[in-house]
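Before any comments, here is the structure.
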Amino acid sequence: MTGAARAAMAKGFDLWANPSSPHREGRRARAALEEARRAIAAAHGWLGETILTSGASESLGIALGRTTAPRRLMTAVEHDAALRAGGDAGVVPVGSDGLVDLAALDALLAAGPALVCVQWANSETGVRQPLKAIADCVHAAGGWLLVDAAQMPASTELAEIADMVALSAHKRGGPPGVGALLVRDLALLHPSGGQERGYRPGTENLPGVLAYAAALAEPEPDHGALRAKLDDAIRRSGGEVVAEGAPRHAAIGSYRLRGSAAAAQLILLDSAGFAVSAGSACSSGSMKPSHVLAAMGWSAEAGREVIRVSFGRPTTEAEVDAFIAAWRGMAKQMRRGA
């Protein structure tokens with residue numbers, strides 16, 4: 001969590017009262033909450049509604065579970081949270097590069113308007129979808145675009161093309177357990193009653209929301225050069241870079257060490273002091289085969305040899321160099337044991 005976010009959270013604890021209470025302390029809390037809500041919306045250039053949530057998973061659950069759209073579609077490489085919330089949603093295939101098959105999307109939309117859920121940057125591979133082209137397809141068919149932007153820095157680009165956006169604070173230097181759902185028109189959702197204008201029950205997390213807004217005000221680092229350095233080193237050392245030819249998030253890399261189980265790689269890298277995962281962090285504990293890699297045409301066996309590496313805000317070049325050395329040492333050790 002960033003320093004500014006920590007300070008804002010501490011202020012929130014000092015200020016805390018139920019923002020729905022009519023007394024003076026409650027009104028003060030409400031004023032602070034609404035100021036932070038406006039800051040979160042402004043960071044995304046958003047002029048519609050901002051529903052405060054516990055994170056992107058809940059935001060996706062609200063958007064997909066309570067949509068008024070007649071149908072739902074989602075890509076085959078969506079986050080587990082979207083898959084759970086999407087239920088019987090139609091599936092849009094992707095190519096071997098992880099990018100949405102636009103012709104297939106057009107064909108599915110020919111059956112009628114739908115809410116289409118797309119993860120802007122994939123949480124496992126980092127592959128970035130062509131949102132503008134996808135939005136054009138969706139809107140031309142009279143549909144609506146839901147963007148899972150949890151992995152991406154705040155961007156005003158979404159205000160022009162998305163109808164709903166799921167966001168997460170802890171991906172942006174804020175605390176866990178806070179997020180937002182940006183909604184262009186509340187008519188897209190069935191209300192549930194309670195707080196947040198009746199669209200999300202539960203007392204708002206004032207300290208967390210203040211911290212989220214403060215984190216968004218801090219500049220995001222550009223990890224592109226570091227990720228490129230790691231890609232090159234792993235490639236030169238006999239590893240494989242997943243979706244290498246596709247546009248990818250600068251802070252997410254996915255790598256295969258052929259013949260070496262991801263679980264064994266994680267243990268060796270963890271012992272060297274590096275925290276990596278296999279697949280999305282939200283599902284990697286199960287060590288189940290990645291549905292993302294399967295959708296890209298990978299076999300279950302090959303998918304079990306892939307690890308995910310991500311950079312945090314403070315990641316340095318020296319730390320990347322140390323990881324490269326640890327990865328090469330791990331690769332040599334595992335090849336000797338093969």
Side-chain angles (χ1 to χ4, degrees), residues 1 5 9 12 18-20 33-34 36-41 43-44 46 48-69 72-75 77-89 115-124 144-154 158 162-213 215-216 280-286:
M1 198 160 69
M9 177 167 268
N18 189 329
S20 297
L33 184 79
E34 295 307 320
R37 189 196 307 273
R38 288 190 292 272
I40 293 168
H44 297 85
W46 197 258
E49 303 289 340
T50 301
I51 299 172
L52 301 172
T53 70
S54 64
S57 292
E58 184 188 11
S59 295
L60 290 167
I62 292 172
L64 289 164
R66 301 217 305 270
T67 182
T68 57
R72 297 170 297 179
L73 299 174
M74 63 177 59
T75 80
V77 291
E78 292 306 296
H79 191 280
D80 275 2
L83 297 180
R84 289 192 296 269
D88 60 355
L115 175 68
V116 181
C117 179
V118 179
Q119 190 178 35
W120 191 0
N122 189 268
S123 54
E124 293 186 33
W144 306 267
L145 179 63
L146 164 61
V147 178
D148 175 358
Q151 303 294 331
M152 294 292 288
L158 295 172
D163 297 288
M164 290 193 282
V165 182
L167 302 170
S168 178
H170 75 274
K171 300 289 187 181
R172 304 276 63 82
V178 181
L181 176 65
L182 308 181
V183 185
R184 187 176 301 281
D185 183 353
L186 286 175
L188 285 169
L189 297 174
H190 292 289
S192 62
Q195 287 79 354
E196 294 299 292
R197 297 187 60 183
Y199 287 87
R200 195 262 180 175
T203 301
E204 293 92 346
N205 177 359
L206 177 63
V209 171
L210 296 185
Y212 183 17
L216 285 174
S280 170
C282 295
S283 61
S284 59
S286 67

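Please read all numbers here as calculations on a predicted model, not as lab measurements.
With rounding to the nearest 0.5 Å, the separation of CG in Leu167 from OG in Ser59 is 6.5 Å. Note that CE of Met164 is 12.0 Å distant from CG of Asp148, once rounded to the nearest 0.5 Å. Atoms CH2 and SG, from Trp144 and Cys117 in turn, are 15.0 Å apart once rounded to the nearest 0.5 Å. Rounded to the nearest 0.5 angstrom, Leu33 CG and Asn18 CG are separated by 10.0 Å.
At a threshold of 4.5 Å between non-hydrogen side-chain atoms, the residues Thr68 and Leu189 do not count as touching. A 4.5 Å side-chain heavy-atom check between Met74 and Val116 finds every atom pair outside the cut-off. Put simply, the side chain of Tyr199 does not reach to within 4.5 Å of the side chain of His190, judged on heavy atoms. Side-chain contact between Met9 and Met1 is present, with heavy atoms from C-beta onward closer than 4.5 Å. Residues Ile62 and Arg200 meet the side-chain proximity criterion, which asks for heavy atoms closer than 4.5 Å. Looking at Pro19 and Thr203, their side chains come closer than 4.5 Å, going by heavy atoms from C-beta outward.
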Side chain to side chain contact (heavy atoms under 4.5 Å, CB included) assessment of Arg37 paired with Val209:
CA-CA 8 Å; Arg37 189 196 307 273; Val209 171; 5.8 Å; no
Give the C-alpha distance, both sets of side-chain angles, the deciding distance and a yes or no for side chain to side chain contact (heavy atoms under 4.5 Å, CB included) between Ile51 and Leu186.
CA-CA 10 Å; Ile51 299 172; Leu186 286 175; 4.1 Å; yes
Can Leu60 and Leu181 be said to form a side chain to side chain contact (heavy atoms under 4.5 Å, CB included), step by step?
CA-CA 8 Å; Leu60 290 167; Leu181 176 65; over 6 Å; no
Could you go step by step and tell me if Leu146 and Arg72 meet the side chain to side chain contact (heavy atoms under 4.5 Å, CB included) rule?
CA-CA 10 Å; Leu146 164 61; Arg72 297 170 297 179; over 6 Å; no
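Of all heavy-atom pairs between Ser20 and Gln195, the closest is OG-CG, 3.6 Å. Glu196 and Leu52 make their closest contact through OE1-N, 2.8 Å (heavy atoms, listed as atom of the first residue, atom of the second, distance). Closest non-hydrogen pair, Ala63 versus Leu115, comes out as O-CD2, 3.6 Å. The heavy-atom pair separating Ala180 from Ile40 by the smallest distance is CB-CG2, 4.5 Å. Minimum interatomic distance between Gln119 and Gln151 (heavy atoms only, all atoms of both residues): NE2-CG, 4.4 Å. Of all non-hydrogen atoms in Leu216 and Ala154, the two that sit nearest each other are CD2-CB, 4.1 Å.
For the salt bridge (charged side-chain N to carboxylate O under 4.0 Å, His left out) test, residues two or more places apart in sequence or in another chain that qualify with Arg184 are Asp163.
Judged by distance alone, with hydrogens and angles left aside, the side-chain atoms of His79 form a donor-acceptor pair with the main-chain N or O of Ala81 at under 3.5 Å. Side chain of Arg172 to main chain of Ala215: no donor-acceptor pair is present (N/O by atom type, distance under 3.5 Å, no hydrogens or angles). Side-chain atoms of Asp185 never come within 3.5 Å of backbone atoms of Leu188 as a donor-acceptor pair (strictly under, hydrogens ignored).
Under the 4.0 Å criterion applied to side-chain N and carboxylate O atoms, Arg84 and Glu78 are not assigned as salt-bridge partners.
For the salt bridge (charged side-chain N to carboxylate O under 4.0 Å, His left out) test with Arg197, the passing option among Glu49, Glu204, Glu34 is Glu49; the others fail. With Leu145 as reference, Val118 is the one residue of Val118, Val165, Leu158 to meet the side chain to side chain contact (heavy atoms under 4.5 Å, CB included) rule.
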